[in-house]
Amino acid sequence: MKVDALLVLDAQMRIAHKGKHPNDSDGHNDEVWRRASEVMRKWHQSQQWEVDCHRLAFMLADRETNRSGVIQVLQAAINPLQGHVSISWNDGVSYTTASELRIEAGRAGEIAHWVEQVTSRHPRSLRVAMRRILSAASSRTDPSDALVDAVLAWENIFSDSPETSLRVCGSLSVLLEPVNREERRRLLKELNDIYATRSAIVHGNAKEPTDEAVRNHGDRALAVAVEAMRRLYANPDLLQSQSASARGRDVLLGLVDVL
């Protein structure tokens, strides 16, 4: 696997622990090491969040394929306090259905807009949806896994129990077709069919869906997930809802005007 592009981010670093270096093994403190390790773990998580936000922004800017998931091959952290570069490499993915994103001069402004929007506004409550969208687009080699990931993204956007299917598919159909009722009805049927295919895969129904149905529904589920995320950014009240349940309630009961 080759690296086609580098994403360079400035990152604030902090000293995990400041203290006197022990002169011998008896001077080591396990509690100090544990606290320092926890600080580093949270720092790495924050950096991964920034990277994932950029990857999602690239997908939202790609309205042609919705699949420019940008495969993350490696991470390199340049620490000014160390004499070497810390590099992690991942070549476990040898095949992907992600499409190539060409950043041409005419598209740079739109991509920059989405990067600013996602990095500054993406709520933590939608972190699962972001992670599943990226996984479905760039990591999954099995179409069944990609379909499950994409529908899980739906559920992180709109989900509650009971009646998960109605809440998720109904809310998505209103979000994506807020004006045209006939198109909303058609979309709801399509989403229910996709949801049923996902359920057949997850629950192991006796009648398994065909490979073609899984691939087609997986492609469509990902496109719906990406477009739903775009619509949330056009509806700030929905984007910042406290939970998927509250978001679905507000959409289904017409408590917000969907743009």
Side-chain angles (χ1 to χ4, degrees), residues 1 5 7 9 11 40-62 65-75 77 88-99 101 111 114-160 164 167-168 171-172 175 194-195 198 201-202 217-233 238-248:
M1 181 177 293
L7 173 64
L9 301 176
M40 288 300 297
R41 184 186 67 82
K42 291 182 178 179
W43 183 81
H44 282 296
Q45 284 184 337
S46 68
Q47 300 313 301
Q48 187 62 54
W49 172 265
E50 285 294 317
V51 171
D52 288 345
C53 283
H54 280 76
R55 294 173 65 200
L56 178 64
F58 297 149
M59 289 191 69
L60 298 181
D62 176 22
T65 70
N66 301 302
R67 280 192 167 277
S68 54
V70 185
I71 306 166
Q72 183 174 329
V73 178
L74 62 84
Q75 283 183 317
S88 65
W89 186 279
N90 175 23
D91 47 306
V93 179
S94 58
Y95 169 78
T96 179
T97 58
S99 62
L101 176 64
I111 294 173
W114 278 112
V115 167
E116 191 280 328
Q117 289 291 303
V118 179
T119 56
S120 64
R121 298 174 56 197
H122 198 77
R124 296 283 175 171
S125 62
L126 289 173
R127 61 186 180 277
V128 173
M130 175 168 65
R131 193 162 59 242
R132 293 294 183 171
I133 286 174
L134 293 174
S135 176
S138 62
S139 301
R140 298 301 193 184
T141 58
D142 188 320
S144 297
D145 293 336
L147 171 58
V148 171
D149 270 344
V151 175
L152 281 172
W154 295 7
E155 291 182 343
N156 187 225
I157 296 173
F158 296 114
S159 182
D160 198 1
T164 299
R167 288 175 182 268
V168 173
S171 299
L172 282 170
L175 180 68
I194 295 174
Y195 205 94
R198 175 262 188 186
I201 293 171
V202 171
H217 282 180
D219 288 344
R220 179 59 174 151
L222 178 59
V224 167
V226 174
E227 182 59 27
M229 194 67 75
R230 290 193 190 103
R231 296 295 180 92
L232 290 182
Y233 275 90
L238 290 179
L239 180 68
Q240 300 299 333
S241 290
Q242 294 182 347
S243 66
S245 175
R247 189 178 294 112

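Below, each value reflects all heavy atoms present in this structure, side chains not excepted, and no hydrogens, waters or symmetry copies.
By the salt bridge (Lys or Arg N to Asp or Glu O under 4.0 Å) test, Arg127 is found to be paired with no residue, residues two or more places apart in sequence or in another chain being considered. Taking the side chain to side chain donor-acceptor pair (under 3.5 Å) definition, one finds that Gln240 meets it with nothing, sequence neighbours left out. A search for side chain to side chain contact (heavy atoms under 4.5 Å, CB included) contacts involving Glu50 returns Leu9, His54, Thr119, not counting sequence neighbours. The salt bridge (Lys or Arg N to Asp or Glu O under 4.0 Å) search around Arg247 returns none, not counting sequence neighbours. Asn156 pairs by the side chain to side chain contact (heavy atoms under 4.5 Å, CB included) definition with Leu126, Val128, Ala129, not counting sequence neighbours. Partners of Arg121 under the salt bridge (Lys or Arg N to Asp or Glu O under 4.0 Å) rule, at least two apart in sequence or in another chain, do not exist in this structure.
Contact detail for Cys53 and Val118: the closest heavy-atom pair is O-CG1, 3.4 Å. Minimum heavy-atom separation, Ala225 to Ala153: CB-CB, 4.2 Å. Across Leu172 and Ala228, no two heavy atoms sit closer than the pair CD2-CB, 3.7 Å.
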* To do: Kindly determine whether Asp145 and Ile201 satisfy side chain to side chain contact (heavy atoms under 4.5 Å, CB included), including the steps that lead there.
  => CA-CA 9 Å; Asp145 293 336; Ile201 293 171; over 6 Å; no
* Check the pair Asp62 / Met59 against side chain to side chain contact (heavy atoms under 4.5 Å, CB included), numbers first and verdict last. => CA-CA 5 Å; Asp62 176 22; Met59 289 191 69; 5.7 Å; no
* Start with the C-alpha distance between Leu134 and Met130, add both sets of side-chain angles, then the distance that settles side chain to side chain contact (heavy atoms under 4.5 Å, CB included), and finish with yes or no. => CA-CA 6 Å; Leu134 293 174; Met130 175 168 65; 4.1 Å; yes
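Other residues, nucleotides and ligands contribute more than 12 heavy atoms inside 6.0 Å of the CD atom of Gln45.
Panel note: side chain Ser171, backbone Arg167; a donor-acceptor pair is recorded below 3.5 Å. In this structure a side-chain-to-backbone donor-acceptor pair under 3.5 Å is present from Trp154 to Ala221.
Cation-pi check for Arg198 over Tyr195 is met; the charged atom lies under 6.0 angstrom from the ring centroid and within 45 degrees of its normal.
We find the CZ-CG distance between Arg230 and Leu232 to be 12.0 Å, quoted to the nearest 0.5 Å.
Under the 4.5 Å side-chain criterion, counting only non-hydrogen atoms from C-beta, Leu238 is not in contact with Ile157. Arg140 places a side-chain heavy atom less than 4.5 Å from the side chain of Arg132.
Ring-plane geometry between Trp49 and His122 is classed as tilted, the angle between the planes lying from 30 to 60 degrees on a 0 to 90 degree scale.
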